[in-house]
Amino acid sequence: MSKVLTSIGVKFVVGASTTWGTKPTTYKKIPQVIENSETDLDPDTIDTTSYDNKKYKSSVPGLIDTTGIQSLTANATKDEDAETIWNEMVEAHNSGNQIWLCIIIPERVNATYIPINPIKTGSPTVAVNDRITITLRYTISGDMEFEAAPTDENITNPEENE
């Protein structure tokens, strides 16, 4: 039986590449991530039903829509760690760099690399008697890739500096 994976130890890292289509060599860990949205890659369905159909409708796959907003949610911290790193990536993107989000799941052979267009952070989510969170939003700008994760030597971890 295969081992079931858990979310324990999952890392979300982000990096900027000056060459489009080439993943960066260094990344920054986004600290305090508590949730990420599912990336839906189901194509639209194009209805091809005609009067020839007698019982069932017919369709063909259409385009995959990645223009919707995706997001990570992180605990807000006094030093604005996640927001600072995210907004650095927004600035790098605005300067012409390609940004890559990488999701590293322990014990998985490959990490998930997603080319993204990050969106500047807004105000935090504040609820009565609860932690304060920040939403890191982005759109997907290309095909996801699955390959070996960056090594720890290539990841800056702001939590290690505390």
Side-chain angles (χ1 to χ4, degrees), residues 5-44 61-127 130-162:
L5 300 174
T6 69
S7 60
I8 297 170
V10 170
K11 291 180 192 172
F12 293 85
V13 300
V14 66
S17 174
T18 56
T19 306
W20 282 75
T22 303
K23 285 181 275 320
T25 55
T26 60
Y27 293 84
K28 291 185 178 183
K29 181 178 183 277
I30 304 169
Q32 299 286 327
V33 174
I34 60 171
E35 185 177 1
N36 74 304
S37 61
E38 176 186 7
T39 304
D40 180 7
L41 295 179
D42 293 335
D44 289 337
L63 299 173
I64 297 172
D65 183 3
T66 60
T67 60
I69 301 293
Q70 307 292 319
S71 66
L72 300 173
T73 303
N75 288 324
T77 59
K78 181 181 87 154
D79 296 326
E80 300 179 333
D81 302 313
E83 297 104 310
T84 300
I85 290 169
W86 195 258
N87 288 330
E88 285 173 5
M89 291 300 126
V90 170
E91 292 303 317
H93 180 262
N94 291 343
S95 296
N97 295 299
Q98 185 178 30
I99 308 302
W100 290 82
L101 173 65
C102 179
I103 304 169
I104 304 167
I105 300 173
E107 300 187 37
R108 260 217 161 148
V109 174
N110 289 323
T112 303
Y113 291 86
I114 308 168
I116 64 169
N117 297 328
I119 300 167
K120 189 167 180 61
T121 57
S123 64
T125 301
V126 181
D130 201 359
R131 67 178 168 225
I132 297 174
T133 60
I134 191 76
T135 303
L136 311 173
R137 293 178 176 84
Y138 61 92
T139 57
I140 298 172
S141 62
D143 290 333
M144 283 195 275
E145 297 180 18
F146 305 91
E147 56 187 59
T151 61
D152 286 341
E153 295 81 35
N154 294 333
I155 300 172
T156 303
N157 185 353
E159 294 171 326
E160 291 175 352
N161 299 330
E162 295 177 353

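Residues take their numbers from the sequence shown, with the count starting at 1. Any value given below was found using the heavy atoms of this structure, including those in side chains, with hydrogens, waters and symmetry copies removed.
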Exercise for the section: For side chain to side chain contact (heavy atoms under 4.5 Å, CB included), just list the numbers for Ile140 and Ile114, CA-CA rounded to whole Å, side-chain angles, deciding distance to a tenth of an Å, and then say yes or no. Expected result: CA-CA 7 Å; Ile140 298 172; Ile114 308 168; 3.9 Å; yes
Handout entry: Pairs touching residues 97-109 that satisfy side-chain hydrogen bond (donor to acceptor under 3.5 Å, both in side chains), sequence neighbours left out
Key = Lys3-Glu107, Gln98-Trp100
Practice task
Kindly compute the distance separating CD1 (Ile134) from OG (Ser123), expressed to the nearest 0.5 Å.
Solution key: 7.0 Å
Handout entry: Inter-residue atom distance Asn87.CG - Glu80.CD, 0.5 Å rounding
Key = 8.5 Å
Practice task
Not counting sequence neighbours, list each pair that qualifies as a salt bridge (charged side-chain N to carboxylate O under 4.0 Å, His left out) and has a residue in residues 94-104.
Solution key: none
Practice task
Working to the nearest 0.5 Å, report the span between SG of Cys102 and CG of Asn110.
Solution key: 10.0 Å
Practice task
Give, for atom NZ of Lys29 and atom CG of Asp81, the distance between the pair rounded to the nearest 0.5 Å.
Solution key: 10.0 Å
Problem - Ile155 side chain reached by Ile104 side chain, heavy atoms, under 4.5 Å - result: yes
Exercise for the section: Identify the heavy atoms of Gly62 and Pro43 that sit nearest to each other, and give their distance. Expected result: O-CB, 3.3 Å
Problem - Heavy-atom pair with the smallest gap, counting every atom of Ile30 and Ala82 - result: CG2-CB, 4.0 Å
Problem - Gap between atom CH2 of Trp86 and atom CG of Leu136 - 0.5 Å precision - result: 5.5 Å
Handout entry: Heavy-atom side-chain contact between Pro118 and Leu101 under 4.5 Å
Key = no
Completion exercise
For Ile99 and Ala16, the nearest pair of non-hydrogen atoms, with its separation, is CD1-CB, 3.6 Å
Practice task
Could you check if a side-chain atom of Leu41 sits within less than 4.5 angstrom of a side-chain atom of Thr66, using non-hydrogen atoms only?
Solution key: yes
Exercise for the section: Answer yes or no: is there a side-chain heavy-atom contact under 4.5 Å between Val14 and Ile85? Expected result: yes
Donor-acceptor pairs under 3.5 Å, side chain of residues 143-152 to any protein atom, not counting sequence neighbours: which ones?
residue : atom : partner : partner atom : Å
Glu145  : OE1  : Lys23   : NZ           : 2.5
Glu147  : OE2  : Lys23   : NZ           : 3.4
Thr151  : OG1  : Glu153  : OE1          : 3.2
Thr151  : OG1  : Asn154  : ND2          : 3.2
Asp152  : OD1  : Lys11   : NZ           : 2.9

Practice task
Taking Trp20 for its side chain and Gly96 for its backbone only, find out whether a donor-acceptor pair lies under 3.5 Å.
Solution key: yes
Completion exercise
Quick note, salt bridge (charged side-chain N to carboxylate O under 4.0 Å, His left out) partners involving residues 117-126, not counting sequence neighbours, are none
Fill in the blank from the handout: For Thr139 and Gly68, the nearest pair of non-hydrogen atoms, with its separation, is CG2-O, 3.9 Å
Handout entry: Residues forming a side chain to side chain contact (heavy atoms under 4.5 Å, CB included) with Ile34, sequence neighbours excluded
Key = Thr73, Asn75, Arg131, Thr133
Completion exercise
On a heavy-atom basis, the closest approach of Thr39 and Gln70 is CA-OE1, 3.7 Å
Practice task
Kindly give the heavy-atom pair with the smallest separation between Val10 and Phe12, and that separation in Å.
Solution key: CG1-CE1, 3.7 Å
Practice task
Mind checking the CD-OG1 spacing from Glu83 to Thr135? Nearest 0.5 Å is all I need.
Solution key: 10.0 Å
Practice task
Report the residues that fulfil salt bridge (Lys or Arg N to Asp or Glu O under 4.0 Å) with Glu88, sequence neighbours left out, ordered by chain and then residue number.
Solution key: Lys28
Handout entry: Side chain Ser141, main chain Pro115, donor-acceptor under 3.5 Å
Key = yes
